[in-house]
Amino acid sequence: MDREEYVEAVLRAVESIPEGRVSTYGDIAAYVGQGGPRQVGAVMREYGGGVPWWRVIRASGVPADEVGDEQLQLLRGDGVRITDGKVNLRAVRWDPDE
DNA sequence: AACCTGACGGTAT
DNA sequence: CATACCGCCAGGT
């Protein structure tokens, strides 16, 4: 899998996250089956436009500093409940094989 | 090839 | 809960 295919695979995975659900960098990486959380983050930084990037968050439920507040707002727009500045992943974490 | 970098994650303190 | 550390892994210099 070359880099371009990798980027496509990651973007497809992110596009498949339904409104109201959230995934993590690590989960996306595992689903794609290549690279790690940091690679997924790198793809989002460069090609995140065009896909629902705000549905990808750290495993802790706290957004990356770069996008912080905006991400939380967009998630609220999706109907995701935010508590103390973080997402409750136990409630909305998305499993691709669902 | 060596070294730095980082939209990360898990563990320890 | 906050910080520190270390492991990870690919891209850039």
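Numbers restart at 1 for each chain; the letters A, B, ... are given by sequence-line order, proteins then strands.
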*Asks:* Between A/Y25 (OH) and C/dC9 (P), how many Å, whole number?
*Replies:* 19 Å
*Asks:* Quick check for you: to the nearest 0.5 Å, what is the distance between A/R81 atom CZ and A/L75 atom CG?
*Replies:* 14.0 Å
*Asks:* A/I28 and side chain to side chain contact (heavy atoms under 4.5 Å, CB included): which partner among A/L11, A/I17, A/V43?
*Replies:* A/I17
*Asks:* Specify the separation, in whole Å, of atom CG of A/L75 and atom C1' of B/dA7.
*Replies:* 13 Å
*Asks:* Rounded to the nearest Å, what distance is computed from the CG atom of residue A/D65 to the C1' atom of nucleotide B/dA7?
*Replies:* 9 Å
*Asks:* A/I57 CD1 to B/dG9 P: how many Å, rounded?
*Replies:* 10 Å
*Asks:* Does A/D2 reach the main-chain N or O of A/E4 with its side chain, forming a donor-acceptor pair under 3.5 Å?
*Replies:* yes
*Asks:* Would you indicate, yes or no, if B/dC8 has its OP1 or OP2 atom less than 4.0 angstrom from a side-chain nitrogen or oxygen of A/R58?
*Replies:* yes
*Asks:* Roughly how many Å is it from CD in A/E66 to C1' in B/dC8, rounded to a whole number?
*Replies:* 11 Å
*Asks:* Can you tell me how far C1' of C/dC9 sits from CE of A/M1, to the nearest Å?
*Replies:* 15 Å
*Asks:* Reading DNA chain C from 5' onward, which residue's closest nucleotide shows up sooner: A/R38 or A/E46?
*Replies:* A/R38
*Asks:* Counting side-chain heavy atoms from C-beta on, which of B/dG9, B/dG6, C/dG11 comes nearest to A/R3?
*Replies:* C/dG11
*Asks:* Please report, rounded to the nearest Å, how far the P atom of B/dA7 is from the CG atom of A/L11.
*Replies:* 17 Å
*Asks:* Between A/R55 and A/V22, is there a donor-acceptor pair closer than 3.5 Å when you use the side chain of the first and the backbone of the second?
*Replies:* no
*Asks:* Just checking A/Q39: base, sugar-phosphate only, or nothing, at a heavy-atom cut-off of under 4.0 Å?
*Replies:* base
*Asks:* For A/M44 and C/dG11, what is the distance between atoms CE and P respectively, to the nearest whole Å?
*Replies:* 17 Å
